Amino acid sequence: MPNPDYAIDQMISAKSIAARVETLAKEITSYFNDTDKLIVVGLLRGSFVFIADLAREIDLPIEIDFLEASSYGNSMESSREVKILKDLAGEISGKDVLVVEDIVDTGHTLKHVLQLLESRNPKRIEACALLDKPSRREVQIKSRWSGFEIPDEFIVGYGIDFAQMNRNLSYIGKVRFK
Ligand code: PRP
């Protein structure tokens, strides 16, 4: 049922996402081609759709794990605190790790998560984000792969929510308030 307060305009189609996911998975497969096992870590909740599609296209032995982080803004947005709400189930010391994020906005979440996981001494750790909003960046982050660069729009779908809704859209849409 359509929401009376806003409409959603398609921004990136399911077909374009699928094509990009396939390319990213090929690059990831080639980068980690000598691994005995790749631990693919999804950041909850937004990455759950992307990780499901990406993981099925990666042609390597993989293990899936999840981590949930939440960022709390205080009066200064640039001094956000990132809190770990759910940690990984498994160990990553000496392992190859790929962190999968739906969107990099200010960069605080990914920066904090990468710092935390790097402190556990993985063999290699890289990140892959489906969407990137470079105009919103507040901190430098190291993400080797990025699906699409997008402008600073209010987006939903393919795992991303608006007040916890619309995560199940198969495409990325732009919210337009009526
Ligand atoms: C969103 C998104 C990223 C983060 C990006 O998560 O999924 O994890 O914000 O923002 P940043 O680059 O400014 O840190 P959110 O906290 O909305 O949780 P969700 O994944 O459960 O939707």
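Indexing begins at 1, ligand by ligand and atom by atom, following the structure's order. Treat the numbers as computed from the prediction; the structure is a model and nothing was measured.
- Around ligand 1, the residues contributing at least one heavy atom under 4.0 Å from the ligand are Leu44, Arg45, Gly46, Arg80, Glu101, Asp102, Ile103, Val104, Asp105, Thr106, Gly107, His108, Thr109, Asp161, Arg167.
- Every pair passing side-chain hydrogen bond (donor to acceptor under 3.5 Å, both in side chains) that includes a residue from residues 113-123 is listed here, sequence neighbours excluded: Asp87-Arg120.
- Shown here for Cys128 and Ile28, the closest heavy-atom pair between the two residues is SG-CD1, 4.1 Å.
- Contacts classified as ring pair (Phe, Tyr, Trp, His ring centres under 6.0 Å) and involving residues 10-55 (residues at least two apart or in different chains) are given here: Tyr31-Trp145.
- Applying the salt bridge (Lys or Arg N to Asp or Glu O under 4.0 Å) rule to pairs touching residues 35-49 yields Lys37-Glu63, sequence neighbours excluded.
- Salt bridge absent: Arg167 and Asp102 never bring a charged side-chain N and a carboxylate O closer than 4.0 Å.
- The local environment of NZ in Lys178 is crowded, with over 12 non-hydrogen atoms from other residues, nucleotides or ligands closer than 6.0 Å.
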